[in-house]
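Below: the structure, in structure tokens.
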Amino acid sequence: MTAMGATGAAAFLARYEGLRTRLPGARLPWVEALRDSAAASFRAAGFPTRRVEAWKYTDLASVTGATFGEPLTSVDDAPALPKAAHPRAVFVDGRFRPDLSTLDALPFAAASLAQALPELDGRLGAIARPAEQPMAALNTMLFEDGLVVDVPAGVAGGVLELLSFVAASERAPAFHPRHLIRLGAGASLTIVESATGPAAQRYLHNPVFEIEVADGARLNHGRLQQEGQEGVVLSTVYAKVGAGGAYDNFTLNAGAKLARNEIHVALLGPKAEAHMNGVQLVGDGQHADTTTSLDHAAPDCASRQTYKTVLAGRSRGVFQGKIHVHQVAQKTDGYQMNQALLLSPDAEIDSKPQLEIYADDVKCSHGATVGELDADHLFFLRSRGIPEAQAKAILVEAFLTEAVEAVADESIRDALTRGVAGWWGRQGVAGGLEEA
């Protein structure tokens with residue numbers, strides 16, 4: 001349990017000490033050592049402050065100044081689930097719900113991490129870097145469950161939905177799911193991930209993904225972050241990609257009071273590819289941060305990043321993207337672009353694209369643009385009888401089209417379109433995005 005009145009890192013460390021004998025894997029020496037090492041790292045570093053360069057534009061005062069408790073040990077109420085179009089894994093407060101999940105028809109193994117822990121020695125924690133990233137340390141220290149996916153070599157895994165819900169409660173819970181995804185050589189899989197929570201409830205959702213894409217495999221990873229407006233989501237993704245493999249990530253940040261989407265990808269074999277694209281829709285009082293790190297550690301690899309941010313009201317968006325080209329990574333082809341659209345004079349965007357290149361035969365570029373809606377375009381639509389709110393929606397849709405159309409997988413693209421339309425609805429704008 002957290003110490004009475006304690007906040008910040010001290011509260012989470014006290015929580016770990018109180019729970020350590022009851023957390024999953026407590027009787028497994030390697031799990032205990034993994035957690036203790038992460039706790040030592042978190043104790044030394046604490047929560048990152050804005051004096052840390054990677055967190056310069058994002059303040060965690062809403063986390064460090066608050067008290068979070070444990071999620072309820074069990075939640076009997078089932079969330080209202082959309083109709084299942086594909087197999088799905090459902091989590092409530094970070095815990096796997098087998099009664100709501102439908103995994104039997106999958107052509108590969110997928111299971112609860114809490115149940116699979118005895119078999120994960122050497123795999124859990126193999127990619128994440130808790131000694132360098134405090135939020136990964138916090139997750140490693142306190143994870144209770146997650147999803148473990150293994151797609152064998154050559155298997156076409158189809159589509160898997162990963163749904164995360166927060167149960168309504170008077171308390172402010174914090175939960176830290178740990179998801180492990182591994183694709184064998186030549187395998188393929190599409191994951192459509194969505195996360196939602198109660199609108200007025202304060203909570204902390206701190207997931208970590210460890211993703212392995214073997215030679216010639218492909219993972220399409222669509223992420224729809226639509227958390228409650230008082231929630232905080234601090235998400236970290238680690239992925240490594242083998243020769244000829246591809247990791248395609250598209251993230252929609254459209255919820256939470258504070259959201260950070262942090263992605264670390266390493267291209268480890270020749271002709272590996274990474275596509276890391278996304279949209280941030282930031283309303284009044286919200287803060288959204290996308291931070292990416294892409295390691296080109298092998299020759300003949302390609303990467304593409306396009307992130308677009310739309311900001312309304314008094315809001316703040318952040319984009320930090322770094323492409324690191326190692327000396328061995330000759331013939332790298334890397335592209336990174338961040339574009340922001342300000343719908344309010346009170347909105348703010350901080351953009352920091354970066355290139356760090358140690359090879360001499362490369363093709364790399366990056367850029368950033370910030371602007372407002374084009375007044376002439378808006379006048380053109382208004383002069384033809386289109387209401388102002390709908391005219392703005394049409395122009396914003398046009399701004400986002402490039403990013404959304406880059407999503408090759410139809411399941412992910414359709415879900416993203418619905419998510420964008422839902423954000424406009426929450427802004428009180430009817431718009432035309434529902435028909436997009």
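The basis for the numbers below is simple: all heavy atoms, side chains too, and nothing from hydrogens, waters or symmetry mates.
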Query raised in the report: Do Ser315 and His287 get their side chains close enough for a donor-acceptor pair, meaning under 3.5 Å?
Result: no

Query raised in the report: Roughly how far apart are Glu161 CD and Ser194 OG, rounded to 0.5 Å?
Result: 7.0 Å

Query raised in the report: Are any side-chain N or O atoms of Ser37 and backbone N or O atoms of Leu34, one a donor and one an acceptor, separated by less than 3.5 Å?
Result: no

**Report entry** Any donor-acceptor N/O pair, Ser344 side chain to Gly313 backbone, under 3.5 Å
**Finding:** yes

Query raised in the report: Is it the case that Asn253 and Thr251 place a side-chain donor and acceptor less than 3.5 Å from each other?
Result: no

Query raised in the report: Are more than 12 heavy atoms from other residues, nucleotides or ligands located less than 6.0 Å from atom NZ of Lys257?
Result: no

Query - All salt bridge (charged side-chain N to carboxylate O under 4.0 Å, His left out) counterparts of Glu388, not counting sequence neighbours - result: Arg382, Lys392

Query raised in the report: Any salt bridge (Lys or Arg N to Asp or Glu O under 4.0 Å) pairs touching residues 236-253, not counting sequence neighbours?
Result: Arg218-Asp248

Query raised in the report: Would a distance-only check, ignoring hydrogens and angles, find a side-chain to backbone donor-acceptor pair under 3.5 Å from Asn139 to Asn206?
Result: yes

Query raised in the report: Counting only N and O atoms by type, is there a donor-acceptor contact under 3.5 Å from the side chain of Gln286 to the main-chain atoms of Gly283?
Result: yes

**Report entry** is_close_aromatic(His205, Phe175), centroid dist under 6.0 Å
**Finding:** yes

Query raised in the report: With side chains defined as the heavy atoms from C-beta onward, is the minimum distance between Gln305 and Leu294 less than 4.5 Å?
Result: yes

Query raised in the report: Do NZ/NE/NH1/NH2 and the carboxylate oxygens of Arg88 and Glu193 come within less than 4.0 Å?
Result: no

Query raised in the report: Within the distance-only criterion (no hydrogens, no angle test), does the side chain of Asn338 pair as donor or acceptor with the backbone N or O of Phe319 below 3.5 angstrom?
Result: no

Query raised in the report: With a 3.5 Å cut-off and no angle check, do the side chains of Tyr247 and His221 form a donor-acceptor pair?
Result: yes

Requested in this report: Could you list the residues that satisfy salt bridge (charged side-chain N to carboxylate O under 4.0 Å, His left out) with Asp346, not counting sequence neighbours?
Outcome: Arg314

Query raised in the report: Aromatic ring centroids of His179 and Phe91 under 6.0 Å?
Result: yes

Query - Thr332 side-chain N/O to Ala329 backbone N/O, donor-acceptor pair under 3.5 Å - result: yes

Query raised in the report: What's the spacing between Leu281 CG and Leu400 CG if we round to 0.5 Å?
Result: 6.0 Å

Requested in this report: Name all pairs fulfilling the salt bridge (Lys or Arg N to Asp or Glu O under 4.0 Å) condition that reach into residues 258-270, sequence neighbours left out, sorted by first residue then second.
Outcome: Arg260-Glu262, Arg260-Asp289

Report task. Just jot down the side-chain contact (heavy atoms from CB on, under 4.5 Å) partners of Thr49, sequence neighbours excluded, or say none. Result -> Arg51, Val52

Report summary line: salt bridge (charged side-chain N to carboxylate O under 4.0 Å, His left out) filter on Glu273, not counting sequence neighbours, yields none

Query raised in the report: Residues two or more places apart in sequence or in another chain: which of them pass side chain to side chain donor-acceptor pair (under 3.5 Å) with Glu144?
Result: Arg95

Requested in this report: Without swapping roles, check the side chain of Tyr16 against the backbone of Ala11 for a donor-acceptor pair under 3.5 Å.
Outcome: no

Requested in this report: Could you list the residues that satisfy ring-ring contact (aromatic ring centres under 6.0 Å, His included) with Phe379, not counting sequence neighbours?
Outcome: none

Report task. Answer yes or no: is there an ion pair linking Arg316 with Glu348, defined by an N-O contact shorter than 4.0 Å? Result -> yes

**Report entry** Lys331/Asp361 ion pair, N-O < 4.0 Å
**Finding:** yes

Report summary line: Hits for side-chain contact (heavy atoms from CB on, under 4.5 Å) against Phe380, two or more places apart or cross-chain, chain-then-number order -> Arg384

Requested in this report: Please list all pairs passing the salt bridge (Lys or Arg N to Asp or Glu O under 4.0 Å) test where one or both residues lie in residues 177-191, with sequence neighbours left out.
Outcome: Asp150-Arg182, Arg178-Glu210

Requested in this report: Could you tell me whether a side-chain N or O of Asp59 sits under 3.5 Å from a main-chain N or O of Ala61, the two making a donor and an acceptor?
Outcome: yes

Query raised in the report: Under 3.5 Å, side chain of Ser169 to main-chain N/O of Arg171, donor-acceptor pair present?
Result: yes

Query raised in the report: Between the side chains of His324 and Ser293, is a donor N or O closer than 3.5 angstrom to an acceptor N or O?
Result: no

**Report entry** ring-ring contact (aromatic ring centres under 6.0 Å, His included) involving Tyr238 - partner list, sequence neighbours excluded
**Finding:** His264

Report task. Please determine, by modelled atom types, if Gln280 and Thr290 share a side-chain donor-acceptor pair under 3.5 angstrom. Result -> yes

Query raised in the report: Backbone N or O of Leu23 within a donor-acceptor pair of the Arg35 side chain at under 3.5 Å?
Result: no

Query raised in the report: Looking only at side chains, do Gln339 and Tyr307 share a donor and an acceptor under 3.5 Å apart?
Result: no

Requested in this report: Just jot down the salt bridge (charged side-chain N to carboxylate O under 4.0 Å, His left out) partners of Lys56, sequence neighbours excluded, or say none.
Outcome: none

Query raised in the report: Should we count CD of Gln354 as having more than 12 external heavy atoms under 6.0 Å?
Result: yes

